[in-house]
Amino acid sequence: MSATASDAHTWNLVFLQLFLEELGYSVVNLGSCVSDERLVRECLRIAPTLIVISSVNGHGCQDGLRLIGRLRSEDRLKDTPTIIGGKLGITGTPLGDRVAELLEGGFDAVFDDGARDGIEFHEFLRTLPERQSRLPIEASLTP
Ligand code: B12
C-alpha cells in the first residue's frame, strides 16, 4: 500500500492498513510521498498479492495514470491486481471519464470517494483468489 508521489496525507493510509489487516492481510505500508521509482522497486522486491494506491490531495488521477504505466511496464507486475482510491480529482465526484482513463491505463478498480464506498472495496477484495489473498508476505518496511 502506498500514497502517490505528490501526496503527503497519511491518515487515509492508516485507516486502509487497519481495514486490510482486519481482513487478514499482511500490509506493507510505504507511506506518503513515495516516488514512482521506489514504489516499483518495492513491488518487485515484495511481489505483493495486491497493490493499493491511495490519494486524497486531488492529484490522484494524474499521479495514478503515470504510476500505473510504470508498474504495468514491468513484466513481473503487469498482472498484479492494482487499485487506486480516495479523493482523486479537484472537481469533486463523480469523476466520470477520469475513472475510465485510470481503468484503461491498467488499474483493476478505482474507488473514488462518493462514487464508491468501503462495501464495494470489500466486495472487490472478495474477488481475489483466497489462495492469494491471505498469504503472509515475507517483507518488512525498509527505508
Ligand atoms: C489533515 C489534512 C491535511 C494534512 C495531512 C496531515 C497528515 N499527516 O495526513 C496536511 C496539512 C499536511 C494537508 C495538506 C494538504 N491538503 Co489536506 N486535508 C486534510 C484533511 C483535513 C483531513 C484528511 C484526513 O486525515 N482524513 C482522515 C482519513 C482517515 O480519511 P480520508 O483522507 O478521507 O480517506 C478516506 C477516503 O478518502 C478513502 N480512501 C482513501 N484512499 C483510498 C484508497 C482506496 C483503495 C479506497 C477503497 C478508499 C480510499 O478511505 C479513507 C478512509 O475512510 C482533509 C479534509 C477532510 N476533512 O477530509 C484535507 C484535504 C484532503 N486536503 C486537501 C488539500 C487540497 C491539501 C493541500 C493541497 C493543501 C495545500 N494547498 O497545501 C495539501 C497537500 C499536500 C500534499 N503534498 O499532498 C483537500 C483535497 C481536495 C481534493 N482532493 O479535491 C482536502 C479534501 C481539503 C479540502 N476540502 O479542500 N492536509
Side-chain angles (χ1 to χ4, degrees), residues 1-74 76-137 139 141-143:
M1 187 175 69
S2 177
T4 52
S6 77
D7 202 313
H9 297 83
T10 52
W11 290 108
N12 46 319
L13 300 172
V14 172
F15 179 94
L16 288 168
Q17 175 168 359
L18 292 173
F19 182 76
L20 288 165
E21 285 176 346
E22 190 131 319
L23 294 175
Y25 288 85
S26 301
V27 177
V28 178
N29 181 348
L30 296 179
S32 61
C33 293
V34 177
S35 69
D36 296 355
E37 293 71 25
R38 177 162 178 239
L39 183 55
V40 169
R41 198 170 61 239
E42 290 296 319
C43 289
L44 288 170
R45 184 177 72 84
I46 295 167
T49 297
L50 171 70
I51 301 172
V52 177
I53 306 298
S54 170
S55 178
V56 297
N57 70 354
H59 301 292
C61 289
Q62 64 199 63
D63 282 350
L65 264 181
R66 187 191 63 245
L67 175 59
I68 194 64
R70 300 262 175 98
L71 289 168
R72 293 309 190 209
S73 70
E74 294 287 340
R76 284 162 54 207
L77 301 174
K78 66 178 172 15
D79 297 321
T80 307
T82 303
I83 63 174
I84 188 168
K87 305 175 208 321
L88 298 176
I90 52 168
T91 54
T93 53
L95 282 177
D97 291 349
R98 302 307 304 270
V99 172
E101 270 181 65
L102 289 165
L103 292 170
E104 276 161 28
F107 281 104
D108 295 285
V110 178
F111 299 92
D112 186 47
D113 277 13
R116 308 273 187 161
D117 58 25
I119 294 171
E120 287 186 49
F121 181 36
H122 197 180
E123 278 168 5
F124 173 84
L125 295 172
R126 289 166 67 106
T127 68
L128 298 176
E130 182 70 15
R131 187 174 55 80
Q132 283 187 8
S133 68
R134 307 242 167 187
L135 267 185
I137 46 180
L141 187 55
T142 54

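Note: hydrogens, waters and symmetry copies are ignored here, and every other heavy atom, side chains too, is used. Remember, it's 1-based here, ligands and their atoms both numbered in the order they're listed.
- Interface atoms of ligand 1 facing Ile90, defined by a heavy-atom separation under 4.0 Å, are 84 (O).
- Residue contacts with ligand 1 leave out Ser32, since none of its heavy atoms falls under 4.0 Å from the ligand.
- Which of Trp11, Phe15, Phe121 comes nearest to atom 52 (C) of ligand 1 through a heavy atom is settled by distance: it is Phe15.
- By the 4.5 Å heavy-atom criterion applied to side chains, Leu128 and Pro81 are counted as neighbours.
- Inspection of the Ser6 and Asn57 side chains reveals an N or O donor paired with an N or O acceptor under 3.5 Å.
- Taking all heavy atoms of Lys87, His122, Glu120 into account, the minimum distance to atom 86 (C) of ligand 1 is reached by Lys87.
- The parts of Val56 lying near ligand 1 are both backbone and side chain, judged by heavy-atom distances below 4.0 Å.
- By the 3.5 Å distance cut-off applied to N or O atoms, Gly85 is counted among the residues near ligand 1.
- Looking only at atom types and distance, the side chain of Asp7 has no donor-acceptor partner in the side chain of Ser32 under 3.5 Å away.
- Taking every heavy atom of Phe111 and a limit of under 4.0 angstrom, the matching atoms of ligand 1 come to 47 (C).
- Using a 30° and 60° split on the angle between ring planes, Phe19 and Phe121 fall in the parallel class, below 30°.
- When each atom of ligand 1 is checked for a heavy atom of Asp113 under 4.0 Å away, the hits are 36 (C), 37 (O), 38 (C).
- Below 4.0 Å from some heavy atom of Asn57 lie the following atoms of ligand 1, by number and element: 76 (C), 78 (O), 83 (N).
- By the criterion of a heavy-atom distance under 4.0 Å, the side chain of Leu16, and not its backbone, is placed next to ligand 1.
- For ligand 1, one of its N or O atoms has an N or O atom of Ala8 under 3.5 Å away.
- Judged as a side chain to side chain donor-acceptor pair (under 3.5 Å), and not counting sequence neighbours, Gln62 has no contacts.
- When atom types are taken as modelled, the side chain of Arg76 and the backbone of Leu44 share a donor-acceptor pair closer than 3.5 angstrom.
- Residue His9 approaches atom 17 (Co) of ligand 1 most closely through its N/O/S atom NE2.
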Side chain to side chain contact (heavy atoms under 4.5 Å, CB included) assessment of Leu18 paired with Glu21: CA-CA 5 Å; Leu18 292 173; Glu21 285 176 346; 4.3 Å; yes
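- Nearest to atom 82 (C) of ligand 1 by heavy atom, out of Ala5, Ala3, Gly89, Ala109, is Gly89.
- Of the candidates Thr10, Leu18, Val110, Leu88, Thr10 brings a heavy atom nearest to atom 7 (C) of ligand 1.
- The atoms of ligand 1 that sit less than 4.0 Å from any heavy atom of Asp7 are 78 (O).
- Side-chain atoms of Arg66 and Thr4, non-hydrogen and from C-beta on, never get closer than 4.5 Å to each other.
- Numbered from 1 in the order shown, with element, the atoms of ligand 1 that lie under 4.0 Å from a heavy atom of Gly86 read 37 (O), 39 (N), 40 (C), 41 (N), 42 (C), 43 (C), 49 (C).
- Ion pairing of Arg45 with Glu42 is present here, as a side-chain N (NZ or NE/NH1/NH2) and a carboxylate O approach within less than 4.0 Å.
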Could you list the donor-acceptor pairs under 3.5 angstrom formed by side chains in residues 100-108, with sequence neighbours left out?
unit_1 : atom_1 : unit_2 : atom_2 : d
Glu101 : OE2    : Arg98  : NE     : 3.4
Asp108 : OD2    : Arg72  : NH2    : 2.9
Asp108 : OD2    : Thr82  : N      : 2.8

